[in-house]
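The shown structure was predicted, so the numbers you read here are calculated from the model rather than taken from an experiment.
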Amino acid sequence: MLTAQQALEHLLSHAQPVTETQEVKTQEALGRILADNVSSLVDVPPLDNTSMDGYAVRTADTQSSGSLLRVAQRIPAGSVGTQLEPGTAARIFTGAPVPPGADAVVMQEDCEVVEGAHDQVQINTVPNLGQWIRRRGEDLTVGKTALSAGTYLRPQELGVAASAGLTHLLVKRRVKVAAFFTGDELALPGEPLKPGGIYNSNRDTLLACLKSLGCDATDLGIVPDRLEATRQALRNASQDHDLIITSGGVSVGEEDHIKPAVTAEGRLDLWQIAIKPGKPLAFGAVRKSNQSADGEAWFIGLPGNPVSSFVTFLLFVRPFILKLQGREAKTPQSYFMRADFDWPKADRRNEFLRVKVNAHGGLDLFPNQSSGVLTSASWGDGLVDCPPGQPFKKGDLVKYIPFDALLH
């Protein structure tokens, strides 16, 4: 069996980023991938301005504590002051341009208005040159790269783009993913369960994972456990999608039709990966019958057990999609944390245990680690990555991967 790292390297060696782009409004670009470098249209900030409410002064006039200055002007944000004359100060408010001649700002807490003389202020501290002044262009200058191609656009990146004066951004089109689910035992919530039936949890789990990654996800529903039905679903899914993912049917039983269906409609590597939960994982491609320039849609078949499906999506499908998007498919952030439980019987496979951080800074284990118990993933907030054949004891440090690092 392949190791998890070997399987991931194989997937990523095949993924090629989408090349099509589209222009969107900056405020509608959240979660998209920037297709090209963008440069600032303005200096940010456009003028020297104050970061504090207070008084703009000349340091030459404030060489000692207690200096008295005449308040000659008042400058709120959005207005521009006049030349600051020697011996005067300007009342100034956060964000307002510093008037010519001023070379420091003293915050109002360090100043005192002189009683009976509303136009005089006492400066009670000696300011440093440039104190509380944000210089023109200290964030961005005209023509400077504000955001680089390949950047995943979070709220803070949209703020940078807006500060640079950019109303529209050129982004990669969304990766298009089709998903369907095999199993005659499956039903949708709200439908009556027949004898031996079970509600399809993988549908909601995997579609939500796809949407959280910013994919354009298409739900093709439940496909009967028949070869021709599986082949037809693959043909339909391949036409307008970059990737097809399925859940179930990737083993080698008589009712598992994914392998022969994908082989007939394209090409397939069928793996057994040395991980737990999740061992069977299929990877390949399905031909597009419309003979488009991109002649294949990638295919990844996940196990049917809900925890196995969820964990293999996080470990393999997610980085594959990140690379299709043009993002860096880097190893998810992990931490060494204290296990507050024993794990005496290590499996020969790489295990991923569902755990939760407790109030004492350690990790608690969900008591039932079965691949069919999805509540273990809902209860937990991450996974412990257990190397094959390595048991550990309570108090040992283990590698912890939070779900937040795998879902966003």
Side-chain angles (χ1 to χ4, degrees), residues 7-24 29-36 149-153 170-182 202-203 205-221 223 230-247 250 258 261-271 281-302 309 312-330 406-408:
L8 180 59
E9 289 173 357
H10 187 86
L11 260 74
L12 296 181
S13 70
H14 288 81
Q16 295 296 324
V18 298
T19 56
E20 297 90 339
T21 60
Q22 59 184 144
E23 190 175 74
V24 299
L30 183 67
R32 305 299 292 270
I33 311 301
L34 194 63
D36 203 358
T151 297
Y152 175 71
L153 297 172
L170 189 68
V171 297
K172 296 286 187 73
R173 70 157 172 82
R174 295 188 186 276
V175 172
K176 300 176 182 179
V177 185
F180 67 84
F181 309 87
T182 65
N202 289 345
R203 171 178 176 263
T205 302
L206 296 180
L207 289 172
C209 286
L210 291 170
K211 291 174 183 177
S212 75
L213 290 173
C215 295
D216 186 352
T218 303
D219 175 17
L220 298 182
V223 174
T230 306
R231 291 185 62 178
Q232 184 61 52
L234 290 170
R235 288 193 290 268
N236 294 340
S238 70
Q239 301 312 307
D240 298 310
H241 297 93
D242 306 296
L243 172 65
I244 305 165
I245 65 169
T246 63
S247 174
V250 291
I258 291 294
V262 177
T263 301
E265 298 297 329
R267 53 193 174 85
L268 181 69
D269 294 327
L270 187 66
W271 297 333
L281 184 82
F283 173 70
V286 177
R287 292 185 299 274
K288 295 185 177 184
S289 61
N290 59 12
Q291 299 299 315
S292 66
D294 295 321
E296 294 180 325
W298 294 112
F299 171 83
I300 301 178
L302 303 177
S309 178
T312 51
F313 182 97
L314 298 181
L315 297 179
F316 303 108
V317 181
R318 174 185 174 274
F320 188 81
I321 288 174
L322 293 183
K323 190 168 180 185
L324 290 182
Q325 292 173 328
R327 298 165 66 182
E328 184 182 0
K330 60 184 179 182
L406 292 164
L407 290 170
H408 300 289

Student: Please give me the minimum heavy-atom distance between L213 and Q325, naming the atom from each residue.
Tutor: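 The pair with the smallest heavy-atom distance is O-NE2, 2.7 Å.
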
Student: Test of understanding: with side chain to side chain contact (heavy atoms under 4.5 Å, CB included), list the residues that count as partners of F320, not counting sequence neighbours.
Tutor: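 Listed in chain order: L11, A15, L243, F283, W298, I300, L324.
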
Student: Side chains of F181 and D219, heavy atoms from C-beta outward: is any pair under 4.5 Å?
Tutor: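 F181 vs D219: side chains touch.
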
Student: Which distance, rounded to the nearest 0.5 Å, do you find between the CD1 of I245 and the CG of L207?
Tutor: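 Spacing of CD1 (I245) from CG (L207) equals 7.0 Å.
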
Student: Can you list every side chain to side chain donor-acceptor pair (under 3.5 Å) pair that touches residues 312-324, not counting sequence neighbours?
Tutor: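 Output for this query is empty, none listed.
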
Student: Would S309 and T205 count as a side chain to side chain contact (heavy atoms under 4.5 Å, CB included) here? Give the steps.
Tutor: CA-CA 9 Å; S309 178; T205 302; over 6 Å; no

Student: Only counting residues at least two apart or in another chain, list the ones meeting salt bridge (charged side-chain N to carboxylate O under 4.0 Å, His left out) with R287.
Tutor: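 Checked R287 against salt bridge (charged side-chain N to carboxylate O under 4.0 Å, His left out); zero matches.
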
Student: Between E296 and R267, which heavy-atom pair has the shortest distance, and what is it?
Tutor: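 Closest pair (atom of E296, atom of R267, distance): OE1-NH2, 2.8 Å.
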
Student: If we ignore hydrogens and angles and just use 3.5 Å, is the side chain of S212 paired with the main-chain N or O of C209 as donor and acceptor?
Tutor: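 Checked: pair present.
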
Student: Is V171 close to Q22 at the side-chain level, that is, under 4.5 Å between some pair of heavy atoms?
Tutor: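 Yes - at least one pair of side-chain heavy atoms lies under 4.5 Å apart.
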
Student: Could you tell me whether the side chain of K172 and the main chain of V18 form a donor-acceptor pair under 3.5 Å?
Tutor: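 Yes: the side chain of K172 pairs with the backbone of V18.
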
Student: Verify side chain to side chain contact (heavy atoms under 4.5 Å, CB included) between L322 and Y152, making sure each step is shown before the conclusion.
Tutor: CA-CA 10 Å; L322 293 183; Y152 175 71; over 6 Å; no

Student: Any side-chain heavy-atom pair from L206 and S247 closer than 4.5 angstrom?
Tutor: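 Side chain of L206 against side chain of S247, heavy atoms only: contact under 4.5 Å found.
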
Student: Considering residues at least two apart in sequence or located in another chain, which fulfil the side chain to side chain contact (heavy atoms under 4.5 Å, CB included) criterion with R174?
Tutor: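 So R174 forms a side chain to side chain contact (heavy atoms under 4.5 Å, CB included) with R32, D216.
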
Student: What residues, two or more places apart in sequence or in another chain, satisfy salt bridge (charged side-chain N to carboxylate O under 4.0 Å, His left out) together with D269?
Tutor: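 If we apply the salt bridge (charged side-chain N to carboxylate O under 4.0 Å, His left out) test to D269, skipping adjacent residues, there are no hits.
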
Student: Tell me the closest heavy-atom pair linking L234 and I244, and the distance in Å.
Tutor: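 Nearest heavy atoms, L234 then I244: O-CD1, 4.0 Å.
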
Student: So, taking the atom named OG1 in T246 and the one named CD1 in I258, what distance separates them when rounded to the nearest 0.5 Å?
Tutor: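 Nearest 0.5 Å value for the OG1-CD1 distance: 4.0 Å.
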
Student: Using the salt bridge (charged side-chain N to carboxylate O under 4.0 Å, His left out) criterion, which residues pair with R235? Sequence neighbours excluded.
Tutor: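 Expected list: E228, E265.
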
